[in-house]
Amino acid sequence: MSRVLIVGAGLTGSICAYLLHRGLFSKVRVSVWDKSRDSGGRMATSQNPSNTSCTVDLGAQYLTATPYYAKVHKSIPVFKGLISNEEGSVNYVTPSGVSSIVKHYLKESAGAHVLFGHHVTHVCCKGSGWEVHQKGGSPEQFDVVVLTMPVPQILQLQGDISSLMEEAERQMLEDVSYSSRYALGLFYKAGVRISVPWAAKYVSDNPCIRYVAIDDKKRNLEVSEECGPSLVVHTTVPFGVQHIEETAEDVKSIILQELKNVMPDLPEPESTSCQKWRYSQVTRSVPERPGQVTLSSRPLLVCGGDGFTRSDFDGCVGSALKVFDVLKSSL
C-alpha cells in the first residue's frame with residue numbers, strides 16, 4: 001500500500017483526498033498536511049470568538065460553476081446545502097460558510113490522516129520515496145507527494161525540489177503570479193441590525209475597499225435572535241500590494257477607517273478578524289493551464305492547484321482530476 005502525502009488542505013487538496021479514497025481506496029494510505037490551524041485554504045471561514053455560530057467568509061465569497069464545467073466535472077458531487085444566491089444564477093453560496101465545502105470533501109475521504117500545524121519545509125528524495133520535513137517536527141517517509149499550495153510556496157521548498165526542475169520548467173513556475181489583498185471580518189452582537197438594501201456590493205470609488213458583503217444576507221439566512229450579523233470587507237489589489245509586508249493588525253485600523261467613509265452608519269462591531277492574502281487569486285497561471293505538473297515520475301511528485309488552471313471552483317476541480325489521473329496511472 002502506497003503512502004501518499006497531500007500538502008495543502010484547501011479545495012484542490014481536499015478533492016484529491018476524496019478522489020483517492022473513492023478510486024484507489026485499497027491501494028493508498030492518504031495523509032493531508034496543512035500549515036494552518038484548520039482546513040479551507042483560501043476558502044476560509046472565520047468565527048466570532050464570542051459566538052461561534054456567527055461566521056464570516058474571509059476568502060472566496062461564492063462558487064461559480066459554469067454549465068460546461070458542471071457537465072465535464074459531474075464526477076465530483078457538490079454536496080447538499082449549496083444554494084443559488086439568485087434564481088437562475090450560476091453563483092452559489094454556502095449556508096455554513098465556504099470552508100464547509102473543503103471540510104465536506106475531507107470528511108468524504110474517510111481514512112485520510114489530516115493534520116494541521118504541519119508546515120512543510122523540505123522534500124528530499126530518499127531511496128524509492130520521499131522524506132518530508134515539517135517545521136518543528138520529525139521527518140516522515142512517503143511514496144508519493146502531491147503539492148497543492150500556491151506556486152511561490154512550492155518554489156520556496158528546500159531539499160531536492162530545485163534539482164528536479166529544468167531551467168525552462170523553473171521559469172514557467174516563477175512566471176505564475178497572484179494578486180494580494182486583505183480581508184476584514186466584523187462580528188456583531190445578537191440584535192444588531194445592519195440596515196442596507198443589499199447583500200453584497202463592489203465599491204468602485206475607494207482606494208482601499210473593493211467589496212463588502214453582509215454574510216447572513218449573502219447566504220439567504222433568516223435573522224436569528226441568538227446570533228448577530230457579520231460583515232466582510234475585501235480590499236483593492238493595489239492596497240493589498242502596498243501594505244503586504246505590514247501586519248494584519250496595523251492594516252486593520254486603516255480598513256476600518258475607510259469603511260466608515262463607505263458605510264458611515266455602520267454599528268461598532270463586537271470583534272474583528274483580519275486576514276492577509278499574499279496569494280489571493282491567480283493573475284497568470286502556468287501556460288495552457290495543464291491542471292498539474294509532474295516534477296518527478298519515480299518517485300512520484302505532482303504539483304496541482306489553481307496556479308496550474310484558474311482561480312475558481314471549476315479550476316480547482318479540474319486540477320484535482322488531473323492530479324488523480326496521474327496518480328491512478330502510476331499506483
Residues in side chain to side chain donor-acceptor pair (under 3.5 Å) with S96, at least two apart?
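If we apply the side chain to side chain donor-acceptor pair (under 3.5 Å) test to S96, skipping adjacent residues, there are no hits.
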Which atom pairs, one a donor and one an acceptor, fall under 3.5 Å between side chains of residues 123-133 and the rest of the protein, sequence neighbours left out?
from: W130; atom 1: NE1; to: L300; atom 2: O; distance (Å): 3.0
from: E131; atom 1: OE1; to: H133; atom 2: NE2; distance (Å): 2.9
from: E131; atom 1: OE2; to: Q141; atom 2: NE2; distance (Å): 3.0

If a pair satisfies salt bridge (Lys or Arg N to Asp or Glu O under 4.0 Å) and one of its residues is in [range], list it, with sequence neighbours excluded.
range            : answer
residues 153-164 : none
residues 168-186 : R170-E174
residues 258-285 : E245-R278
residues 138-148 : R3-E140

With a 4.5 Å heavy-atom cut-off, do [X] and [Y] have their side chains touching?
X    : Y    : answer
L157 : M149 : yes
T283 : V237 : no
L173 : M165 : yes

Please name all residues satisfying salt bridge (Lys or Arg N to Asp or Glu O under 4.0 Å) with D312, sequence neighbours left out, ordered by chain then number.
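If we apply the salt bridge (Lys or Arg N to Asp or Glu O under 4.0 Å) test to D312, skipping adjacent residues, the hits are R310.
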Side chain to side chain donor-acceptor pair (under 3.5 Å) contacts in which one or both residues fall within residues 293-308, not counting sequence neighbours:
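Residue pairs passing side chain to side chain donor-acceptor pair (under 3.5 Å), neighbours aside: R42-D306, Q292-T294, D306-S311.
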What ring-ring contact (aromatic ring centres under 6.0 Å, His included) pairs are there with at least one residue in [range], not counting sequence neighbours?
range            : answer
residues 206-232 : Y202-Y211, Y211-H234
residues 33-59   : W33-H118, W33-F142
residues 159-181 : Y178-Y279

Is a donor on one side and an acceptor on the other found under 3.5 Å between the side chain of S46 and the backbone of S273?
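Between the backbone of S273 and the side chain of S46 there is no qualifying donor-acceptor contact (under 3.5 Å).
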M1 CE to S26 OG distance, which is reported to the nearest 0.5 Å:
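One gets 6.5 Å once the value is rounded to the nearest 0.5 Å.
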Have [X] and [Y] got a donor and an acceptor in their side chains that come within less than 3.5 Å?
X    : Y    : value
T12  : T148 : no
N51  : S53  : yes
K252 : T272 : yes

If you group Ile, Leu, Val, Met, Phe, Trp and Tyr whenever their side-chain heavy atoms sit less than 4.5 Å apart, what else falls in with L256?
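Its cluster mates, by chain and number, are Y182, L184, L186, Y188, V192, I194, V196, W198, V203, I209, V212, I214, L231, V233, F239, V251, I254, I255, L259, V262, M263, L266.
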